[in-house]
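Since the structure comes first, as structure tokens, the remarks are kept for the end.
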Amino acid sequence: MQTIRGFRDILPGRIGLWQKVEKEASRLFEAFGFKEIRIPVLEKTELFARSIGETTDIVEKEMYTFDDRKKDKLTLRPEATASIVRSYIQHKMYADNPIRKFYMTGPMFRRERPQKGRYRQFYQIDVEVFGVASAYIDSQLIYLLHNLFKNLGLTGLSAHINSLGCPECRPAYQKTLLNFLEAKKDLLCENCRRRMSKNPLRILDCKAQTCQDAIKNAPAILDNLCDECDNHFKIVKTTLEKQNVDFIVNKTLVRGLDYYTRTAWEIQTTSLGAQSAVAGGGRYDKLVKELGGPDTPAIGFAIGFDRLVEVMEQLNIEPLEPGLDLFIIAMGNEAMDKAYHWSCNINQNGLRSETDFQGKSLKSLMKKANKLNAGHVLIAGDKEVKENAFILRNMETKEQVIINGDSLLADLINILKKQ
RNA sequence: GUGGGUGUAGCUCAGUCGGUAGAGCACCAGGUUGUGGCCCUGGUGGCCGCGGGUUCAAAUCCCGUCACUCACCCCA
């Protein structure tokens, strides 16, 4: 038996970086006033089809969709935004306070061909803000990402930003773009010719060299924004500059989901081959209304957790690896019984301790203590039990002290807490 | 979905012309009857990814399949 394609176990030996990220992310997000939200892994297919877009690759061919026993069409979530919007609307969160700031972490599912940094079950750290139209929040989210990555010790990342306009200016721009493309139609790849009718903006993002050449002088949405969008984007840029967040304005950054408006961005890395996006986000001012809620501006981003961890591994960033405060070596039945109760008691006091019940030799248990990275070892053999005096060894300095059995727990906890 | 590469011990890998499997690390034990990291000695550990075919004989050649991996596509 083995995991199915594109699915994987993340074992304890490699969990340190995951925990480090989770800890720092929730600390930072909470500081900025975000609240954790937890949502289901399974939703009605319709939710994703309507929000992500019927003609996107995700909905067309990447979702895990099936009929449940009552013939409802269900889908394992391919992303989190749709579900959070659904939740916001379902619980009428807009009623008593339309401004909501959420974060969450969890698995997403897309049936793509796996490769480096891309799995069929992958994890995202997701942040969403509802009810704030101001460009400052766009800037703040990018700032937040920048800081999270900086705090985690990441280097070599770059933020690409763009504006996709809004329903005021995008239709006119699309017409301009289509006019331009019509003349170049024969030069475009098959895929892009298909895109012309469905989502012409995406052609700008095509990686095919022939398409890149063909659209070199294509009109950019950035040059065709309405005044409000233009102003919005300017505030995002100047705010980032003031906070010393480096960014690159990338006119061809389009992003694959239909719901984005105005600001869109991506954090890219060069260390994962073709999978360059470590995080991506954007504004989606029309989605809440489209899904049946009140007209509410919204914006969010997602971090590719798996990718982030892989980048951290490449940079040799230290994982979170709590050592052991005390390893108790017990030899003989009576000692083992004592060791068991001591260990439980010490753990209740917030210290980390372990003991071994296999009845092995002192030497092999010392080796084990060493491997567990124990700060101290308590030695309890027949002799110590008989004399009611136990040996506490500091594994780093090799100093040993005798601890009387009567006050052992209190003394131990005292010594260990000082470390 | 398309194309390439790779599957041998827990891990990293070697294995010649087809002759039934090896190293380093890890693990266990001993060297030290009760003291870790270094060192030395020994030991455990293999359906050679799985299934089929060719052959007297297959880790080795052929076909299929599963998985991993890289690129395309797309995205996080």
Side-chain angles (χ1 to χ4, degrees), chain A residues 1-8 11 13-14 52 55-63 77-81 105-127 145 189-192 194-195 199 202 205-209 211 253-257 264-269 272-282 300-311 327 329-332 335 358 360-384 391-400:
Chain A
M1 288 292 278
Q2 56 183 6
T3 49
I4 55 179
R5 180 168 220 195
F7 287 66
R8 58 179 186 157
L11 303 176
R14 298 191 64 184
I52 296 168
T55 62
T56 57
D57 280 14
I58 292 178
V59 172
E60 272 186 347
K61 51 193 193 202
E62 293 174 2
M63 295 201 306
R77 63 182 183 202
E79 56 115 43
T81 303
T105 298
M108 308 295 158
F109 304 85
R110 291 183 203 172
R111 218 198 104 91
E112 299 174 272
R113 189 90 177 250
Q115 76 188 66
K116 190 177 212 49
R118 188 170 75 190
Y119 308 96
R120 289 181 170 185
Q121 173 173 334
F122 61 103
Y123 294 79
Q124 286 190 336
I125 300 171
D126 205 80
V127 165
L145 269 172
C189 69
E190 200 182 320
N191 228 326
C192 282
R194 210 166 51 94
R195 283 171 176 151
N199 191 348
R202 294 284 298 288
D205 208 23
C206 185
K207 307 287 189 301
Q209 192 56 48
C211 294
L253 179 72
V254 171
R255 304 191 51 71
L257 284 56
W265 73 92
E266 232 169 60
I267 310 292
Q268 298 189 2
T269 172
L272 289 181
Q275 307 306 318
S276 59
V278 183
F301 66 76
I303 299 169
F305 205 152
D306 309 68
R307 288 181 187 176
L308 177 59
V309 168
E310 274 163 40
V311 173
F327 185 72
I329 292 177
M331 291 168 289
Q358 291 182 91
K360 296 188 148 195
S361 72
L362 177 61
K363 178 175 176 169
S364 89
L365 290 174
M366 283 298 291
K367 278 189 180 174
K368 182 166 182 179
N370 190 55
K371 204 162 50 191
L372 292 171
N373 209 358
H376 286 80
V377 165
L378 185 75
I379 299 171
D382 291 338
K383 185 178 148 209
E384 287 76 18
I391 302 169
L392 181 67
R393 178 181 176 89
N394 181 319
M395 291 296 277
E396 204 164 333
T397 65
K398 301 186 178 182
E399 278 177 283
Q400 299 195 160

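Just so you know, these numbers use all the heavy atoms, side chains as well, and skip hydrogens, waters and symmetry mates. So you know, we letter chains A, B, ... as the sequences are listed, proteins then strands, and number each from 1.
Distances from the side chain of A:Arg110 to the nucleotides B:C72, B:U35, B:C75 place B:C75 closest. Residue A:Asp57 has its side chain nearest to B:C73 when only B:C68, B:C73, B:C75 are considered. Listed nucleotides: B:U35, B:A76, B:G37. Nearest to the side chain of A:Arg393: B:U35. Minimum atom distance to the side chain of A:Phe122 is reached by B:A76, of the listed B:U35, B:A76, B:G30. Picking from B:U35, B:A71, B:G37 the nucleotide with the shortest atom distance to the side chain of A:Met366 gives B:U35. Distances from the side chain of A:Arg118 to the nucleotides B:U35, B:G30, B:C73 place B:C73 closest.
If you take CE of A:Met63 and C1' of B:C75, they are 15 Å apart, rounded to a whole angstrom. Atoms NZ (A:Lys398) and C1' (B:U35) sit 10 Å apart, rounded to a whole Å. Atom CZ of A:Arg113 is separated from atom P of B:A67 by 10 Å (rounded to the nearest Å). Distance, A:Glu399 CD to B:U35 C1': 15 Å, rounded to whole Å. With rounding to whole Å, A:Met108 atom CE is found 11 Å from B:A76 atom P. Following rounding to the nearest Å, A:Arg77 (CZ) and B:C75 (C1') show an atom-to-atom distance of 17 Å. Taking atom NZ on A:Lys360 and atom P on B:C27, their separation rounds to 11 Å, with Å as the unit. Separating the NZ atom of A:Lys367 from the C1' atom of B:A26 is a distance of 12 Å, rounded to the nearest angstrom.
Under the Watson-Crick or G-U wobble criterion, with both distances below 3.5 Å, B:G3 is paired with B:C70. Using the Watson-Crick or G-U wobble rule with both distances under 3.5 Å, B:A58 pairs with nothing in any strand shown. Figure legend. B:U12 is base-paired to B:A23; pairs are counted as Watson-Crick or G-U wobble with both atom distances under 3.5 Å. Across all strands shown, B:U32 forms no Watson-Crick or G-U wobble pair with both key distances under 3.5 Å. Of the nucleotides present, none pairs with B:G45 by Watson-Crick or G-U wobble criteria with both distances under 3.5 Å. Nucleotide B:G37 forms a pair with no other nucleotide shown, judged by Watson-Crick or G-U wobble geometry with both contacts under 3.5 Å. Nucleotide B:G51 forms a pair with B:C63, judged by Watson-Crick or G-U wobble geometry with both contacts under 3.5 Å. The pairing partner recorded for B:A76 is none, the criterion being a Watson-Crick or G-U wobble arrangement whose two distances lie under 3.5 angstrom.
A:Lys61 has its side chain out of reach of A:Arg111: every pair of non-hydrogen atoms, C-beta onward, lies at least 4.5 Å apart. Proximity of A:Pro107 to A:Tyr123: side-chain heavy atoms (C-beta onward) are separated by under 4.5 Å at one or more points. A:Glu266 places none of its side-chain heavy atoms less than 4.5 Å from the side chain of A:Val278. A:Met395 has its side chain within reach of A:Met366: a pair of non-hydrogen atoms, C-beta onward, lies under 4.5 Å apart.
For B:A76, its base sits under 3.5 Å from the side chain of A:Glu112 at one donor and acceptor pair at least.
Of the C1' atoms belonging to B:G45 and B:C11, the separation is 13 Å, rounded to the nearest Å. With both ends at atom C1', the span from B:C40 to B:A59 equals 34 Å, rounded to whole Å. If you take atom P in B:G24 and the same atom in B:U35, they sit 29 Å apart, rounded to whole Å. With both ends at atom P, the span from B:A58 to B:G49 equals 15 Å, rounded to whole Å. Taking atom P in both B:U16 and B:C25, the straight-line distance is 24 Å, to the nearest Å. For the C1' atom pair drawn from B:U8 and B:A21, the interatomic distance equals 8 Å after rounding to whole Å. Using P as the reference atom, B:G31 and B:A14 are 38 Å apart when rounded to the nearest Å. Spacing between B:U20 and B:G15 at atom C1', rounded to whole Å, works out to 13 Å.
Across all strands, A:Ala369 comes closer than 4.0 Å to no nucleic acid atom at all (heavy-atom distances). Among the atoms of the strands shown, none is found under 4.0 Å from any heavy atom of A:Phe301. Contact annotation for A:Leu365: no contact, since no heavy-atom pair falls under 4.0 Å across all strands. Note on A:Glu384: a base of the nucleic acid sits closer than 4.0 angstrom, heavy atoms only. Residue A:Gln400 is classed as a base contact, given a heavy-atom separation below 4.0 Å to a base. A:Gly332 comes within 4.0 angstrom of nothing in the nucleic acid, heavy atoms only. Within 4.0 Å of A:Ser364, counting heavy atoms only, lie sugar-phosphate atoms of the nucleic acid but no base atom.
The structure places CZ of A:Arg120 at 11.5 Å from OG1 of A:Thr3, a figure rounded to the nearest 0.5 Å.
Of the two residues contacting RNA chain B, namely A:Ile391 and A:Ile303, the nearest-nucleotide position lying further toward the 5' end is that of A:Ile391. Nucleotides of RNA chain B nearest to A:Ala302 and A:Thr397 differ in position, and the one nearer the 5' end is that of A:Thr397.
A:Arg393 places no side-chain N or O within 3.5 Å of a backbone atom of A:Val377 that could act as its donor or acceptor partner. One N or O on the side chain of A:Arg307 and one on the backbone of A:Gly117 form a donor-acceptor pair closer than 3.5 Å. Although no hydrogens or angles enter the test, the distance criterion places a donor-acceptor pair under 3.5 Å between the side chain of A:Arg118 and the main chain of A:Arg113.
Judged by the 6.0 Å distance and 45° axis criteria, A:Arg8 is positioned over the aromatic ring of A:Tyr119.
The side chain of A:Lys371 contributes no N or O atom lying less than 4.0 Å from OP1 or OP2 of B:A26. Phosphate proximity of B:A71 to A:Gln115: present, with a side-chain N or O under 4.0 Å from OP1 or OP2. Dashed line: the shortest gap from a side-chain N or O of A:Arg5 to OP1 or OP2 of B:C66 is not under 4.0 Å. Put simply, A:Arg111 has a side-chain N or O that comes within less than 4.0 Å of OP1 or OP2 on B:G1. Note on A:Lys116: a side-chain N or O is less than 4.0 Å away from OP1 or OP2 of B:C70. Put simply, A:Arg255 has a side-chain N or O that comes within less than 4.0 Å of OP1 or OP2 on B:A76.
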